[in-house]
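Below, read A as the first sequence line, B as the second, and so on, with proteins coming before strands; counting in each chain starts at 1. Every heavy atom of this structure was used, including side-chain atoms; hydrogens, water molecules and symmetry mates were not.
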Amino acid sequence: MLFHPDLLEIPADGSPPYLKGYRCRACGQLDFPKLTPCPNCWGEEFEVVPLSRTGKLYAATDIFIGQGGMKPPYSFGYVDLPENLRIFSQLEGEIGSFHCDDVVELTVGTIRIDSDGTPIISYKFEKVSG
Amino acid sequence: MKPQRDVYIAGVGETKFGKQRLEFDALGRIAALAALKSSNIDRPDIIESAYVGNATNGLVTGQTVLKDLGMCGHMPIINVESACSAGGMAVHLAVREVACGLSEVSLAIGCENHSLHMQSGTAFAPAMTDIETMHGAVMTGKYALRAQRYMYETGAKPEDLALITVKNRRHATNNPYAWFKGEISVEEVVNSRMVASPLTLQQCCGVADGAGAVVVCSERMVRKLGVDKPIGVAATVVRSGPYHNRPRDITGDDITEACAQQLYEQAGIGPDEVDIIELHDAFTISELLYYECLGLCGKGEGLRYLHDGNATHGGKCVISPRGGMLSYGHPIGASGAAQIAACVKQMRNECPGYQVDPAPRIAMTHVTGGGLSGTEHAACTMHMLVRP
Ligand SMILES: [Zn+2]
């Protein structure tokens with residue numbers, strides 16, 4: 001089950017998934033996630049903008065004592081996109097392998113298991129291979 | 001705010017911190033009674049209002065605390081929630097109340113019991129409606145990100161961070177209200193169980209229960225009650241955390257920097273004049289960053305400030321003289337009020353075995369609150385206290 005349709009587009013034609021930025025039609029401010037209304041001008045109409053699929057890992061950590069209901073270890077960090085947006089994201093890959101300023105790329109995966117056992121799908125980032 | 005008339009702390013109280021079998025309300029009453037008695041208050045109707053900070057123990061927590069003290073009915077009881085800043089914010093509101101002349105005496109309490117209510121082996125997370133929380137965020141991890149970036153930019157090592165725990169536990173050695181205390185080595189700190197890399201268990205505040213209470217009153221009431229060592233409130237500031245979803249420097253802390261600046265201006269007191277500070281040392285990295293954010297040293301100089309012995313007895317400013325959250329643990333709604341209680345006791349020379357010498361004249365407290373996505377913290381509360 002997709003966590004939230006406003007965050008992530010997984011195109012049916014098999015083209016790569018992307019994060020959905022929201023550009024305010026009144027003032028032009030670009031936000032992720034969607035803020036309603038636009039905090040800059042209170043505009044309520046937005047254009048969806050596909051965000052860059054690669055970014056730079058500002059910082060990352062490996063979690064060994066996690067939230068109730070989540071199975072550690074797992075990793076998360078802040079990913080800075082060229083659009084001047086910072087994304088908090090789980091990281092897909094080996095524990096201990098993430099470092100500041102690594103180049104990372106959008107992927108899709110399970111972020112948690114719901115209380116009824118349903119996997120919740122959302123965006124993640126992984127290191128760019130090579 | 002800078003009080004519009006002189007406001008004093010008449011008395012304070014705190015419970016021992018740690019795992020407690022007493023509920024939050026019983027803890028709150030212990031701290032409140034200690035604060036009332038040390039203010040020479042001997043009956044409930046002298047108090048004219050109360051602000052009660054609590055974060056997780058439910059609804060109408062203030063009335064639950066105060067009914068057994070005979071304080072329900074004749075006065076307003078306002079319940080205050082702002083995650084970790086709740087207790088500090090309760091004191092701020094009591095100061096406002098007296099400063100504006102709405103009350104001559106107001107009682108502020110922070111109290112919390114986590115251990116009776118929390119699943120063990122899990123970490124605190126912001127609310128489940130928060131996008132970062134849904135993606136796995138925990139508070140330990142958010143501070144770990146700050147530590148990772150700080151280490152990357154300054155070359156600091158986990159052993160450097162560990163020195164904060166070593167210092168604060170040493171400060172707490174003879175403090176009967178502290179939980180974890182005494183000598184611990186850098187090796188023991190860095191080799192303890194990993195929680196959120198690079199933060200190990202001994203670099204994180206414990207999940208504790210406890211309470212602190214503060215009686216705030218006007219100058220007239222100080223005289224009427226015969227309080228012999230009143231402590232003045234030079235300034236108190238509450239701010240909300242700016243929201244941004246854009247890249248920013250998390251080795252700083254925008255809300256703390258703005259809050260401190262405002263506090264210094266309103267108090268007319270600069271960072272160099274402060275004798276002791278209790279700050280939000282929920283994790284080792286946070287204390288280190290706050291040296292810089294509070295202007296005790298320049299940006300990137302926090303580690304040198306620590307290494308040079310400036311933050312302990314005999315240094316420029318004794319930071320976390322009670323032992324901080326790293327010794328007390330952190331019952332989130334209680335800590336802010338307990339910090340103020342501990343500072344007042346230091347200023348009154350009432351801390352045998354852990355007293356700062358000479359007794360401090362100026363004390364500052366700092367407590368942030370709430371992991372809301374897009375903010376460093378949702379709230380920050382600071383106080384500047386002066387012994388007349
Ligand atoms: Zn707009």
Side-chain angles (χ1 to χ4, degrees), chain A residues 3-4 6-7 21-22 29-35 39-40 55-91 95-96 98-102 109-112 114-115 120 122-125, chain B residues 117-155 192-201 203-204 207 242-251 283 285 371-376:
Chain A
F3 165 48
H4 203 296
D6 285 355
L7 299 174
Y22 291 82
Q29 178 166 308
L30 179 65
D31 281 312
F32 178 92
K34 185 181 184 183
L35 303 170
N40 186 49
K56 212 178 201 187
L57 192 56
Y58 175 75
T61 179
D62 303 318
I63 303 298
F64 294 86
I65 297 179
Q67 271 180 41
M70 289 190 67
K71 192 169 176 288
Y74 58 93
S75 307
F76 60 63
Y78 290 122
V79 178
D80 290 346
L81 298 184
E83 288 88 349
N84 193 33
L85 288 168
R86 173 166 292 175
I87 315 291
F88 177 92
S89 177
Q90 270 185 52
L91 302 171
I95 296 296
F98 299 101
H99 302 98
C100 295
D101 290 348
D102 282 350
T110 302
I111 54 162
R112 63 193 304 124
D114 217 354
S115 52
I120 306 296
S122 192
Y123 56 85
K124 288 182 157 186
F125 281 81
Chain B
H117 307 279
M118 201 175 164
Q119 182 192 347
S120 64
T122 60
F124 272 111
M128 282 313 285
T129 51
D130 188 86
I131 181 174
E132 294 184 351
T133 308
M134 276 305 291
H135 285 82
V138 282
M139 292 310 295
T140 48
K142 292 189 73 172
Y143 280 93
L145 293 174
R146 302 172 85 181
Q148 292 288 7
R149 192 69 198 186
Y150 190 86
M151 293 185 351
Y152 180 71
E153 290 185 5
T154 65
S192 59
R193 181 182 174 188
M194 186 61 77
V195 173
S197 63
L199 301 177
T200 54
L201 189 65
Q203 298 189 60
C204 304
V207 176
Y243 176 86
H244 20 213
N245 48 14
R246 324 225 170 255
R248 62 187 185 273
D249 175 14
I250 63 170
T251 69
F283 305 93
I285 182 64
L372 177 69
S373 64
T375 67
E376 294 310 326

**Request:** Under 4.5 Å, counting heavy-atom pairs only, tell me which of A:A60, A:P72, A:G77, A:S89 racks up the most with chain B.
**Result:** A:A60
**Item:** Structural part of A:L7 lying under 4.5 Å from a heavy atom of chain B
**Value:** side chain
**Asked** For B:Q148 and A:A59, which heavy atoms make the closest approach, and how far apart are they?
**Response** CB-CB, 4.5 Å
**Top of A:L35, A:D62, A:I63 for chain B proximity - count of heavy-atom pairs under 4.5 angstrom** = A:D62
**Message:** Within this structure, what is the SG-CE distance for the pair A:C100 and B:M151, rounded to the nearest 0.5 Å?
**Reply:** 8.5 Å
**Residue among A:D80, A:D101, A:L81, A:I95 with most heavy-atom pairs under 4.5 Å to chain B** = A:D101
**Asked** What's the spacing between A:Q29 CD and B:N245 CG if we round to 0.5 Å?
**Response** 7.5 Å
**Prompt:** Hey, what do you get for OG1 (B:T140) to CD1 (A:I65), rounding to the nearest 0.5 Å?
**Reply:** 7.5 Å
**Prompt:** With sequence neighbours left out, what residues match A:F98 under ring-ring contact (aromatic ring centres under 6.0 Å, His included)?
**Reply:** none
**Prompt:** Measuring heavy-atom distances to chain B, does A:I87 have an atom under 4.5 Å in its side chain, in its backbone, in both, or in neither?
**Reply:** neither
**Item:** Any residue meeting ring-ring contact (aromatic ring centres under 6.0 Å, His included) with A:Y74, in chain and number order, not counting sequence neighbours
**Value:** none
**B:R146 portion near chain A, given a 4.5 angstrom heavy-atom threshold** = neither
**Prompt:** Closest heavy-atom contact between B:V138 and A:G66?
**Reply:** CG1-C, 4.0 Å
**Residues B:R246 and A:D31 bridged, charged N to O under 4.0 Å** = yes
**Request:** Measure from the side-chain N and O atoms of B:E132 to the backbone N and O of A:F88, and report whether any donor-acceptor pair falls under 3.5 Å.
**Result:** no
**Message:** If I compare all heavy atoms of A:F64 with all of B:M194, which pair ends up nearest, and what's the gap?
**Reply:** CB-O, 3.2 Å
**Message:** Less than 4.5 Å to any heavy atom of chain B: does that hold for the side chain of A:F3, its backbone, both, or neither?
**Reply:** side chain
**Prompt:** Hey, what do you get for CG (A:L57) to CZ (B:R149), rounding to the nearest 0.5 Å?
**Reply:** 9.0 Å
**Request:** Please answer whether the main-chain N or O of B:A137 pairs with a side-chain N or O of A:Q67 as donor and acceptor at a distance below 3.5 Å.
**Result:** yes
**Asked** Is it true that a side-chain atom of A:Y58 and a backbone atom of B:I250 form a donor plus acceptor pair closer than 3.5 Å?
**Response** yes
**Message:** Using modelled atom types and a 3.5 Å cut-off, is there a donor and acceptor pairing between side-chain atoms of A:T61 and backbone atoms of B:A144?
**Reply:** no
**Request:** Locate the shortest heavy-atom distance separating B:G136 from A:R112; write the atom from each residue and the value.
**Result:** N-NH1, 4.3 Å
**Asked** For B:H135 and A:S122, does a side-chain donor sit closer than 3.5 Å to a side-chain acceptor?
**Response** yes
